[in-house]
Amino acid sequence: MTTIDDLPIRDDLRGQTPYGAPQLDVAVRLNTNEHAFAVPQPVIEEMRKRLDAELSDLNRYPDRDAVALRTDLAAYLGHGLGFASVWAANGSNEVQQQLLQAFGGPGRTALGFGPSYSMHPLLAAGTGTRWIGSLRDPDFGLRADAAVAEIHRHDPDLVFLCSPNNPTGTALDPAVIDAVLGAARGMVIVDEAYFEYARSGTRSAISLLPGHPRLVVTRTMSKAFGFAGGRLGYFAADPAVVDAVQLVRLPYHLSALTQAAARAAVAQSAALLATVEQIKVQRDRIVDTFRGRGVQVADSDANFVLFRTADDQKAVWQAFLDRGVLIRDVGLAGWLRVTAGTETETTAFLTAAEEIL
Ligand SMILES: *Cc1c(COP(=O)(O)O)cnc(C)c1O
């Protein structure tokens, strides 16, 4: 049988394993931070109408620049943004890959502060960008002076910040992002995949865009919009950054069907985001219940909670799975991550936790 090792694959990809959270058939799946609620009926109707209008034109390529969708997304973001400041692709992973293709690549470096989103170093590897894994503080926070010192030490071409941070859950103080922008020579990418779940009063890095042409804020419809299967991510930045990614994107990368379905979802954002508050309630319920029981948890501005396990986290993960609850081992010794689900799912998790922890 032929294996990867028999192929003339790039040396830097040898021995690597692909990204993959287990997709197991379990009753309660709280492992990949998807939005717990199914797409509401009015949104389905809107999508059906818009998809139907596209079908007879599928002999034609879609709008290569997705201008109508980018206009809708800019209006959703607010901050006075127009379509020229917004770019969209098949998930924020693709958006970030395009940014690495344009601003990273062989001979260049990207720096991030772990523990953070595991895809950032994988996207760097895939684009031949050398990854520099700096660390957050022991309490998972990130102090401005520590971040600035790391940037001065390594002088990276790109800096990745994640706010709210996955897997820890806490949003960054914009003052930290401001300090990083002041210290970095290269691009600063702030991954705000979970921004809609942030605790009230949390400021988006989008507010820092004026006067900062090297800042890029990425968002996704995979989480709060409940549109993970639709694959749509986007960023807001100076229009020059949009010009830059157009040099590397594949022509017609966003299908007409994706654009139509995403526009329907944005048009119905009020209906889609209506359940975000319910998820936040369940998230805070997990945090409060655990703290009440003396279990250490990180502050969460996201739809998940990182909690401390007294025993080996692999064994605890398995104990939850044995009770029909799939959560996430993010490879952080002594910690596990759980997505806040519906009230019923969260109750199932907390009931299992009561037995296990
Ligand atoms: C889930 C997640 C994303 C989403 O990626 P998509 O490609 O948009 O589905 C991006 N960043 C972080 C930190 C995430 O956790």
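Along the sequence shown, residues carry numbers from 1. All ligand and atom numbering here is 1-based and tracks the order in the structure.
The nearest heavy-atom contact from the protein to atom 10 (C) of ligand 1 is S92 OG, 3.2 Å. In terms of protein heavy atoms, atom 2 (C) of ligand 1 is closest to K223 NZ, 2.4 Å. Ranking the protein heavy atoms by distance from atom 15 (O) of ligand 1 puts Y194 OH, 2.6 Å first.
Salt bridge status for R293 with E354: present, with a side-chain N to carboxylate O gap under 4.0 Å.
Within the 4.5 Å cutoff, side-chain heavy atoms of D329 are placed close to those of L336.
Listed by number with element, the atoms of ligand 1 under 4.0 angstrom from any heavy atom of S222 are 6 (P), 8 (O), 9 (O).
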Subject >> Stepwise side-chain contact (heavy atoms from CB on, under 4.5 Å) test for R249 and D65 >> reply: CA-CA 10 Å; R249 63 94 196 274; D65 297 331; 3.3 Å; yes
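Classified by interplanar angle (parallel below 30°, tilted 30° to 60°, perpendicular above 60°), the ring pair F160/W131 is tilted. Ring planes of F349 and F320: parallel class, angle under 30° (limits at 30 and 60°). In this pair, F37 and H35 present their aromatic rings tilted. The plane angle is within the 30 to 60° band.
Residue contact annotation: D191 has a non-hydrogen atom under 4.0 Å from ligand 1. Judged by the shortest distance from any of its heavy atoms, G91 lies inside the 4.0 Å radius around the atoms of ligand 1. Using 4.0 Å as the threshold, R231 has a heavy atom nearer than that to some atom of ligand 1. Residue contact annotation: C162 has a non-hydrogen atom under 4.0 Å from ligand 1.
At a 3.5 angstrom cut-off on N or O pairs, Q96 does not count as close to ligand 1.
The ring pair (Phe, Tyr, Trp, His ring centres under 6.0 Å) check on F83 picks up nothing, with sequence neighbours excluded.
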